[in-house]
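Note that these values count all heavy atoms, side chains included, but never hydrogens, waters or copies made by symmetry.
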Amino acid sequence: MPWSPGLSRIDAADVAALTRGVSLLGSGGGGDAATFAHVLRRRLRSAPLEVRDPGELGDALVVPVGVVGATRLFGEKLPEGTEFVMAVGALIRWTGARPAAVMSLEVGGLNGLSGPVAALDLGLPFVDADLMGRAMPRLDQFTWAACGQPVTPCAMREPGGPTLLVDGADASGLERSARALLAESGGWAALALPPIPASLVRERCVTGGLARACDLGRVALDLGSGTRPEALAGALGSRLLASGRVLDVGRHAASGGFGRGSVTVVDGEDSAVVRLEAENEYLLALRDGEPVATCPDLLCVVDRRTGVPLAVDEVRPGNEVLVLALPGPSWWPERGRLDRVGPRAFGIDAEPILIGQP
């Protein structure tokens, strides 16, 4: 599908498409975007959000913000509405650096919409860039970490609780600090990372993710329910890996506090068995035992009737689904970066198999 050149602004009419699109870019993870969709739609009633090209901002500072932790708890422990302002305010007090714009930590799942909400809360324009280009579970999978860009000083604000400022830690140390905070709090927190000059955004971040989400969402919503599987896959620029019924879902605990699981789908056309290996997101697809697609491409399980993406923890035996593979962000396959986000980064002994790659 042809992608639009970019977003110049976001208004309330865009929220439905954005919500569907960030859910696809979540690749089964990233959390439910519904709560932030409601907040964003309400915030946009009075005025649209300005989206700036990083090239227009010179060396003005851009601060990445988002939610970390157990995103499935977000709908149960609702934000009080000041978390992003408090986190960025603490960062400004510690560093003295005042950001001129906001970007997202990741574009997949609920964080695809948390960045725009934070920009509105802070009264700043939004830059369509993020640190993953999709959803991924670990802080060392930020593009910044891959570039050697420091991830501290940073600030985390838990809902209704204190603000924690972390300095002098690398991505692994920040991950440990975040887990310690989240284990003793409500399970999630707003995170603000150190701002960088806008002139470095194109080199060290994935750009255009929210524009892509909007395009994907509009296509999916325009097609509506009942679209032929091949037509939906083609319209989204994806590969159709299976169209059939979920036969089995297995889940078990894994190291590092993450869950692991597999989803088995029997294709209704040729009875091929497609198995998806998953952690927080879908990571690997095998068709009759042969690997056919992997992260960082986007593996998506979509309800065949409604076209709504199903998260890893939502899939149940008996679901009628489509399994799709969409191209992942082009930033990751460059310069040996796949070691950080390919299958082996998740302990799966398989080479990356990416759409459009030899």
Side-chain angles (χ1 to χ4, degrees), residues 1 19-34 71-72 75 108-109 134-135 216-217 219-254 258-328 343 346 348 350 353-355:
M1 62 175 290
T19 305
R20 179 65 64 88
V22 299
S23 298
L24 287 165
L25 296 180
S27 191
D32 186 353
T71 52
R72 67 182 181 281
R134 46 163 293 158
L216 285 168
V219 167
L221 293 175
D222 287 347
L223 287 173
S225 59
T227 304
R228 288 189 305 107
E230 295 81 2
L232 177 62
L236 293 175
S238 66
R239 286 175 55 201
L240 178 64
L241 302 182
S243 172
R245 177 171 293 186
V246 176
L247 178 67
D248 184 56
V249 178
R251 296 186 176 91
H252 59 87
F258 296 111
R260 278 290 176 91
S262 61
V263 177
T264 304
V265 178
V266 177
D267 191 285
E269 291 294 320
D270 58 8
S271 299
V273 176
V274 173
R275 195 177 91 224
L276 294 164
E277 293 298 320
E279 195 173 272
N280 288 27
E281 291 79 29
Y282 302 110
L283 303 173
L284 166 72
L286 304 106
R287 186 176 173 86
D288 287 339
E290 293 294 325
V292 291
T294 71
C295 56
D297 275 355
L298 305 157
L299 306 179
C300 303
V301 177
V302 174
D303 185 287
R304 192 163 67 178
R305 182 178 58 85
T306 65
V308 174
L310 297 174
V312 171
D313 58 2
E314 292 178 320
V315 177
R316 300 287 184 271
N319 286 156
E320 296 284 346
V321 301
L322 309 180
V323 182
L324 306 172
L326 282 75
F346 299 92
I348 297 174
I353 300 175
L354 306 180
I355 296 172

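- Here the shortest heavy-atom pairing between Leu326 and Cys300 reads CD1-SG, 4.0 Å.
- No donor-acceptor pair under 3.5 Å is formed between the side chain of Asp267 and the backbone N or O of Ala272.
- Residues satisfying the side-chain contact (heavy atoms from CB on, under 4.5 Å) criterion with Pro343, sequence neighbours excluded, are Thr294, Cys295, Ile348, Ala350, Pro352.
- Within the 4.5 Å cutoff, the side chain of Tyr282 has heavy atoms near those of the Val263 side chain.
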Might you work through the side-chain contact (heavy atoms from CB on, under 4.5 Å) test for Leu286 and Val274, ending with a clear yes or no? CA-CA 6 Å; Leu286 304 106; Val274 173; over 6 Å; no
Side-chain donor-acceptor pairs under 3.5 Å in residues 303-313, sequence neighbours left out?
unit_1 : atom_1 : unit_2 : atom_2 : d
Asp303 : OD1    : Arg305 : N      : 2.9
Asp303 : OD1    : Thr306 : N      : 2.9
Asp303 : OD1    : Thr306 : OG1    : 3.3
Arg304 : NH1    : Ser243 : OG     : 3.1
Arg304 : NH2    : Glu320 : OE1    : 2.7
Thr306 : OG1    : Val308 : N      : 3.2

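- Between the side chain of Arg239 and the main chain of Val292, a donor-acceptor pair closer than 3.5 Å is present.
- For the salt bridge (charged side-chain N to carboxylate O under 4.0 Å, His left out) test, residues two or more places apart in sequence or in another chain that qualify with Asp270 are Arg287.
- The line from OG of Ser27 to CG of Leu299 is 5.0 Å long, rounded to the nearest 0.5 Å.
- Atom-to-atom distance recorded for Leu223:CG and Leu236:CG is 7.0 Å, nearest 0.5 angstrom.
- Qualifying salt bridge (charged side-chain N to carboxylate O under 4.0 Å, His left out) partners for Arg20, counting only residues two or more places apart in sequence or in other chains: none.
- Under the side-chain contact (heavy atoms from CB on, under 4.5 Å) criterion, Asp248 pairs with Thr264, sequence neighbours left out.
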Could you go through the side-chain contact (heavy atoms from CB on, under 4.5 Å) check for Leu324 and Leu240 one step at a time? CA-CA 5 Å; Leu324 306 172; Leu240 178 64; 3.7 Å; yes
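- Proximity of Leu216 to Leu25: side-chain heavy atoms (C-beta onward) are separated by under 4.5 Å at one or more points.
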Please step through side-chain contact (heavy atoms from CB on, under 4.5 Å) for the pair Leu284 and Leu276, ending with a clear verdict. CA-CA 6 Å; Leu284 166 72; Leu276 294 164; over 6 Å; no
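- The backbone N or O of Ala325 sits nowhere less than 3.5 Å from a side-chain atom of Asp297 that would complete a donor-acceptor pair.
- Evaluation of the salt bridge (Lys or Arg N to Asp or Glu O under 4.0 Å) test over residues 223-236, restricted to residues two or more places apart or in two chains, returns Arg228-Glu230.
- Distance CD/Glu279 to CZ/Arg260: 4.5 Å, rounded to 0.5 Å.
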List the steps and the verdict of side-chain contact (heavy atoms from CB on, under 4.5 Å) for Arg245 and Val266. CA-CA 6 Å; Arg245 177 171 293 186; Val266 177; 5.9 Å; no
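- The two residues Pro327 and Leu298 come nearest to each other via the heavy atoms O-CD1, 3.5 Å.
- Ser238 OG to Leu24 CG: the interatomic distance, rounded to the nearest 0.5 Å, is 9.0 Å.
- Closest non-hydrogen pair, Val265 versus Ala242, comes out as CG1-CB, 4.2 Å.
- Salt-bridge formation is detected for the pair Arg275/Glu277: a Lys NZ or Arg NE/NH1/NH2 atom is positioned less than 4.0 Å from an Asp or Glu carboxylate oxygen.
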